[in-house]
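Each remark here refers to the structure printed beneath this line.
Order of the sequence lines fixes the chain letters, A, B, ..., with proteins taken first and strands second; residue numbering starts at 1 for each chain.
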Amino acid sequence: MSKYDPIKTEAKWHKIWQESNLYQTPPSARSKLYNLVMFPYPSGNLHIGHWYNFGPADTLARYSKMHGRGVLQPIGFDAFGLPAENAAIARGLMADEWTTHNIEIMTGQLNKIGAMYDWSKTLNTSQPEYYKWTQWIFLELFKAGKAYQKDGLVNWCPSDKTVLANEQVVNGRCERCGAMVERKNLKQWYFSITDYVDELLDDLTTLDWPERIKDMQRNWVGKSEGAKVTFATTDASKKLEVYTTRPDTIFGATFMVIAPEHPLVRELTTKENLTAMTEYLDQAGHKTDIDRMEAQDKTGVFTGSYAQNPATKQNIPIWVSEYVLMGYGTGAIMAVPAHDERDYEFARKFDLEIVQVIDGASVQDKAHELTGKLINSGDFSGMDSGSAKTAITAWLEASKLGKPQVQYRLRDWLISRQRYWGTPIPIIHCDSCGAVPVPEKDLPVLLPLKQKFGKDGRSPLLDNPDYQKVKCPKCGGDSKRETDTMDTFVDSSWYFLRYPNPSYQDGPFDPVAVKQWLPVDQYIGGAEHAVLHLLYARFITKFLHSTGHLDFSEPFTKLINQGMMLGPDGNKMSKSKGNIIDPDSYVDKYGADAVRVYLMFMGPYDEGGSWDPKRFEGAHRFINKIWELCTTKYIETNLDSTVEAELEAKLHKLIKKVTEDTQASKFNTAIASTMEFINFSSNVKRAGQASSEQWRSMVMTLVKLLAPFAPFLTEEIWERLGNRSSVHLEAWPEYNPALIADNTKTIVVQLNGKLRSEFIVDSKQAFNKEELERLARQQVATMLSDSKISKVIVVPGKLVNFVVS
RNA sequence: GCCGGGAUGGUGGAAUUGGUAGACACGCCAGUCUUAGGAACUGGUGGGGUAACACCCGUGGAGGUUCGAGUCCUCUUCCCGGUACCA
């Protein structure tokens with residue numbers, strides 16, 4: 001029998017599967033599985049991380065299909081976006097040409113994976129028939145008042161020349177290109193994600209997602225409970241609102257601090273302090289976020305004004321400092337230096353009063369941030385922090401000086417981008433009517449193709465009068481089309497709704513198909529989208545739910561996170577480190593099955609790992625061993641009924657193990673047990689101890705168990721075994737529990753918990769305590785001869801432990 | 001700083017959830033085959049110890065609970081991911 005040729009075999013089956021439409025999505029199914037991977041960005045090449053995501057995801061899909069579930073497993077492209085635009089500029093190409101070219105290449109690579117993609121259900125977010133509906137969703141949000149324009153401080157990436165959402169700023173840098181983000185005052189479009197903040201937080205408990213992802217979302221939303229308190233200036237002319245999580249410390253508020261961008265800064269600054277203030281504001285305005293973060297020392301300037309602490313009635317100075325951020329709370333704080341580290345540092349530096357109001361630790365050298373018993377707090381002294389928070393907030397509320405307040409860190413989603421390659425924002429700016437939405441009948445607003453890029457990547461839309469010139473849909477007057485496009489995360493926030501029927505014309509998604517397939521049953525992808533895509537998609541789903549377009553409010557019931565694939569050196573793969581593994585070279589030499597098996601055997605799926613070329617050999621050998629075992633002639637020479645029974649028992653144990661492990665995405669242990677079984681059955685084969693019929697039936701079962709892992713190899717073997725139809729249409733094997741029960745058990749004998757001996761006992765005897773103790777005593781009789789047994793512990797079916805002195 | 005995850009042979013990793021630590025695989029060593037190399041196959045492989053057994057040590061570190069701890073508790077070191085003047 002010839003050696004296994006993965007290249008020929010894989011090409012052969014890929015063709016047959018395609019021609020026979022083997023993986024066509026069933027129109028309906030009693031039990032459905034919407035198995036989804038995060039669709040790729042058409043960067044030009046499928047990298048090893050894609051394989052690590054898509055291969056095991058397909059194994060899960062195939063496993064479910066064999067369980068009789070109707071499976072929808074689509075694939076498409078997240079095709080708009082900056083990298084394509086930048087690459088096109090760099091190569092002097094059109095963005096659409098570059099994207100189309102990459103999609104062609106990547107489609108070929110995707111086919112090699114051997115995944116059961118249904119290519120009749122693919123989509124591409126840069127196509128007008130798709131982005132028409134992205135625009136439609138924008139208009140729905142606009143109608144509901146949840147897409148709005150706002151003037152304000154935004155994150156600006158000077159290298160990509162566009163604004164960014166908060167979620168796209170990582171450590172003060174642009175998530176895409178790593179450039180330091182600047183702050184700018186601009187009028188931009190936002191989506192009101194904060195309107196859904198409580199649902200986004202609370203519904204996390206209903207989701208079957210990894211806890212760490214849920215925690216990341218919880219942290220990002222950043223809910224905190226406290227109080228809003230109003231402080232009046234001493235002349236009562238102005239009011240300053242502050243947010244605090246520690247109303248119990250209000251008696252210790254000895255000064256106030258407001259952000260440099262606070263609207264009252266100018267008004268509060270007295271003549272004597274004006275020069276210093278102007279200087280301070282000027283240098284603060286020039287700093288990037290990074291500068292601010294890295295500032296070692298607290299800086300600040302006194303305004304010259306005072307406010308009255310409503311609790312102590314004392315006059316306290318109002319300062320301006322960068323450590324108070326305009327974007328959180330009210331942009332002003334009551335500073336309690338005794339009980340807040342930052343306020344403490346500021347007070348020490350500028351020699352401000354420190355009054356301790358919580359007992360329990362000295363504030364001589366540092367702030368005391370814990371809760372405790374109140375002191376120096378008037379009528380509230382003696383209470384503990386917990387009840388004082390409630391009592392003081394109630395008192396503030398009764399005196400109309402404050403109220404309980406819940407604060408979130410999450411801000412609205414800034415979706416405008418000053419770039420060309422994205423979904424045009426369907427808005428027309430009219431001098432008399434303002435921002436007017438493009439009427440639905442005029443959708444899509446087509447993105448003009450074949451555009452030459454301006455200098456420095458300037459959006460061609462800005463220099464395209466034909467695109468901009470438009471009549472106002474309201475008054476018919478001359479007006480100007482919006483030239484910004486949408487963040488690509490808007491495109492990807494709803495794509496999973498369209499997959500079930502991507503050619504649907506009458507809406508963004510086909511309600512019948514959505515009813516059949518949604519929500520997504522399992523979503524498989526990396527953790528890098530925890531607070532980006534996954535949060536946005538939940539928001540859009542909740543919006544469409546609240547407006548009656550969907551009857552579910554969470555898009556992804558179950559989330560599976562694969563770990564990260566690292567280079568052979570254990571580092572994140574990057575061009576600069578030169579440690580990028582190209583999957584194609586392995587696929588072209590050893591086949592997709594070997595690559596899939598390698599990736600799944602490597603270790604726990606959610607932990608990832610580094611690519612080790614040496615260890616790849618193991619997966620390759622595994623494939624060859626299966627081939628050898630299943631396709632070379634079996635000769636029955638030396639029948640042994642004990643071995644036959646053992647083979648049968650091991651097979652059924654294997655079915656159980658592979659079933660349970662695959663279900664739990666524990667691919668590595670599923671494969672390990674299969675290897676173990678193959679080692680055992682190779683010995684049986686060599687000795688010819690089992691009947692030919694048993695052997696043949698065992699091989700058939702084994703091939704079915706392996707089908708989701710190595711789809712090409714198993715299909716070829718299946719055919720050679722004489723089967724006419726595909727192994728991928730077979731039903732998943734079931735195990736017989738009666739065959740799994742061992743008829744003997746190994747009982748361990750311990751002395752003081754240490755292994756000393758073991759014996760085999762008939763399963764019927766394994767739970768008879770007296771018998772086990774008797775047998776165990778025989779085993780270690782000589783060792784026990786001159787020791788005193790103080791206790792005997794018998795664990796039925798497992799062990800006997802003698803405690804001796 | 002805060003939140004989450006982790007540390008087991010030369011390497012990747014197993015371990016029925018408190019009951020034989022190191023499954024499976026890589027690598028290495030020896031052997032068979034081969035002109036040779038490779039491939040394939042067979043056996044061995046945590047450390048110490050022994051002629052071979054016996055025996056001792058061993059899951060980042062220090063304690064503890066228990067007849068028995070990789071697994072539970074307390075403290076601690078280091079690594080990874082997320083997040084951060086968030087009041």
Side-chain angles (χ1 to χ4, degrees), chain A residues 3 170-172 210-220 222-224 226 242-246 249 253 257 259 292-295 298 321-325 327-336 339-343 345-346 369 407-410 527-528 530-531 563-564 566 570 572 597-598 601-604 606-619 621-622 624-625 628 657 666 668-679 682-683 686 746-758 783 789-795 797-804:
Chain A
K3 223 183 145 216
V170 178
N171 287 324
E211 271 315 309
R212 64 183 169 130
I213 302 292
K214 293 203 225 176
D215 274 329
M216 280 159 86
Q217 290 210 352
R218 284 190 191 106
N219 286 337
W220 190 260
K223 182 176 183 170
S224 76
V242 303
Y243 171 70
T244 178
T245 52
R246 293 293 303 273
T249 63
V257 188
R292 284 202 183 193
M293 263 190 262
E294 285 171 352
K298 293 271 180 292
S321 173
E322 284 182 314
Y323 86 89
V324 173
L325 310 174
Y328 184 77
T330 60
I333 61 159
M334 63 172 211
V336 185
H339 306 289
D340 181 281
E341 210 181 294
R342 296 152 303 175
D343 298 345
E345 199 191 319
F346 195 81
E369 295 197 306
Q407 190 69 41
Y408 301 93
R409 219 183 61 111
L410 183 74
E528 66 274 17
V531 293
M564 208 197 301
L566 305 170
K572 213 169 166 170
V597 165
Y598 169 77
F601 182 61
M602 200 173 66
D606 56 357
E607 283 174 29
S610 43
W611 179 275
D612 186 341
K614 273 194 208 155
R615 213 165 279 130
F616 183 84
E617 196 52 48
R621 279 181 204 151
F622 177 62
N624 287 335
K625 270 187 191 171
E628 165 79 18
K657 178 80 175 154
K666 286 156 85 177
N668 55 332
T669 47
I671 294 173
S673 348
T674 310
M675 288 173 167
E676 219 170 327
F677 178 79
I678 283 172
N679 291 342
S682 297
N683 291 333
R686 205 171 308 121
T746 302
I747 305 296
V748 166
V749 186
Q750 297 179 332
L751 286 185
N752 292 335
K754 287 190 178 177
L755 174 72
R756 280 297 177 273
S757 181
E758 61 183 42
M783 292 178 225
I789 300 173
S790 52
K791 203 172 170 186
V792 182
I793 287 138
V794 182
V795 183
K798 287 214 167 112
L799 60 84
V800 179
N801 185 17
F802 295 100
V803 185
V804 298

If you restrict it to nitrogen or oxygen atoms, what contacts under 3.5 Å exist between nucleotides 40-48 of chain B and the protein, and what is each distance?
| unit_1 | atom_1 | unit_2 | atom_2 | d |
| --- | --- | --- | --- | --- |
| rU42(B) | OP1 | Arg686(A) | NH2 | 2.8 |

Strictly under 3.5 Å: I want the nitrogen or oxygen pairs between protein and nucleotides 10-14 of chain B, one per line.
| unit_1 | atom_1 | unit_2 | atom_2 | d |
| --- | --- | --- | --- | --- |
| rU11(B) | O2' | Arg615(A) | NH2 | 2.6 |
| rU11(B) | O2 | Arg615(A) | NH2 | 3.1 |
| rG12(B) | O4' | Arg615(A) | NH1 | 2.9 |
| rG12(B) | O4' | Arg615(A) | NH2 | 3.3 |
| rG12(B) | O2' | Met602(A) | O | 2.8 |
| rA14(B) | OP1 | Asn668(A) | ND2 | 3.1 |

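Distances from the side chain of Lys798(A) to the nucleotides rC3(B), rU16(B), rC24(B) place rU16(B) closest. Between rA87(B), rU16(B), rC3(B), one nucleotide has an atom nearer to the side chain of Ile333(A) than all others, and that is rA87(B). Considering only the side chain of Trp220(A), rA84(B) comes nearest among rA84(B), rC24(B), rG19(B).
Taking atom C1' in both rC67(B) and rG4(B), one finds a spacing of 36 Å when rounded to whole Å. Using P as the reference atom, rC57(B) and rG68(B) are 14 Å apart when rounded to the nearest Å. Going from the P atom of rA7(B) to that of rC73(B) covers 15 Å, rounded to whole Å. Distance noted for atom C1' between rG46(B) and rA36(B): 36 Å (whole Å). Atom P of rA69(B) sits at a distance of 15 Å from the matching atom of rG61(B), rounded to the whole Å. A distance of about 44 Å separates the C1' atoms of rG49(B) and rU35(B), rounded to the whole Å. Rounded to the nearest Å, the gap between the P atom of rA15(B) and that of rU71(B) is 16 Å. Between rA51(B) and rU65(B), the two P atoms lie 40 Å apart (nearest whole Å).
Residues Lys657(A) and Thr669(A) have side chains in contact (heavy-atom distance under 4.5 Å, counting atoms from C-beta outward). For the pair Asn668(A) and Lys666(A), the minimum side-chain heavy-atom distance is below 4.5 Å. Side-chain contact between Thr245(A) and Gln407(A) is absent, with no heavy-atom pair separated by less than 4.5 Å.
Per the geometry, CG belonging to Asn219(A) stands 8 Å off C1' belonging to rG4(B), to the nearest Å. Taking atom CZ of residue Phe622(A) and atom C1' of nucleotide rC26(B), one finds them 15 Å apart after rounding to whole Å. Rounded to whole Å, the distance from OH on Tyr323(A) to C1' on rA84(B) is 16 Å. Between the CZ atom of Phe677(A) and the P atom of rA25(B) there is a distance of 14 Å, rounded to whole Å. When the C1' atom of rG5(B) is taken as reference, atom CE of Met216(A) falls 12 Å away, rounded to whole Å. In this entry the distance linking CD of Glu676(A) with P of rA25(B) reads 8 Å, nearest Å. At whole-Å resolution of the value, CD1 in Ile671(A) and C1' in rA25(B) are 11 Å apart. Going from atom CZ of Arg342(A) over to atom C1' of rC2(B) covers 12 Å, rounded to whole Å.
Ring orientation note: the planes of Tyr328(A) and Tyr243(A) are nearly perpendicular, at an angle over 60° on the 30°/60° scale.
Here Arg342(A) contributes atom CZ and Lys298(A) contributes atom NZ; the two are 7.5 Å apart, rounded to the nearest 0.5 Å. In this structure, CE on Met216(A) lies 9.5 Å from CD on Glu528(A), to the nearest 0.5 angstrom. To the nearest 0.5 Å, atoms CE (Met602(A)) and CG (Asp612(A)) are separated by 10.0 Å. Here the CG-CD1 distance, from Asn683(A) to Ile678(A), works out to 12.5 Å after rounding to the nearest 0.5 Å. Rounded to the nearest 0.5 angstrom, Phe802(A) CZ and Asn752(A) CG are separated by 11.5 Å. With values rounded to the nearest 0.5 angstrom, Met675(A) atom CE is found 7.5 Å from Lys625(A) atom NZ.
Of the side-chain N and O atoms in Arg409(A), none sit less than 4.0 angstrom from OP1 or OP2 of rU83(B). Taking 4.0 angstrom as the limit, Tyr328(A) places a side-chain polar atom (N or O) nearer than this to OP1 or OP2 of rA87(B). Taking side-chain N and O atoms only, Asn679(A) has a distance below 4.0 Å to OP1 or OP2 of rA25(B).
Residues passing the salt bridge (charged side-chain N to carboxylate O under 4.0 Å, His left out) test with Arg218(A), sequence neighbours excluded: Glu211(A), Asp215(A). Tyr598(A) meets the ring-ring contact (aromatic ring centres under 6.0 Å, His included) test with Trp611(A), Phe616(A); sequence neighbours excluded.
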Can you give one letter per nucleotide of nucleotides 64-73 of chain B, 5' to 3': B if a protein heavy atom sits under 4.0 Å from the base, S if only from the sugar-phosphate, - if neither? ---B------
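Side chain of Glu758(A) to main chain of Thr746(A): no donor-acceptor pair is present (N/O by atom type, distance under 3.5 Å, no hydrogens or angles). Remark: the backbone N or O of Val803(A) is paired with a side-chain donor or acceptor of Ser790(A) at under 3.5 angstrom.
For RNA chain B, runs of at least 3 consecutive pairs of the Watson-Crick or G-U wobble type, with both hydrogen-bonding distances under 3.5 angstrom, map to B:1-7 with B:77-83, B:10-12 with B:24-26, B:27-32 with B:40-45, B:46-48 with B:55-57, B:60-64 with B:72-76.
With RNA chain B read from its 5' end, the first of the two nearest nucleotides for Asp215(A) and Arg756(A) is the one closest to Asp215(A). When each of Glu211(A) and Gln407(A) is assigned the nucleotide of RNA chain B bearing its nearest heavy atom, the one mapping closer to the 5' terminus is Glu211(A).
Residue-level contact check: Glu758(A) touches the bases, meaning some heavy atom is under 4.0 Å from a base atom.
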Give the C-alpha distance, both sets of side-chain angles, the deciding distance and a yes or no for side-chain contact (heavy atoms from CB on, under 4.5 Å) between Ile333(A) and Asp343(A). CA-CA 10 Å; Ile333(A) 61 159; Asp343(A) 298 345; 3.5 Å; yes
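Exactly one residue among Val800(A), Val795(A), Leu799(A) makes a side chain to side chain contact (heavy atoms under 4.5 Å, CB included) with Val748(A). That residue is Leu799(A).
Annotated as syn: rG9(B), whose O4'-C1'-N torsion sits within 90° of 0. Against the 90° criterion about 0, the sugar-base torsion of rU17(B) places it in the syn range.
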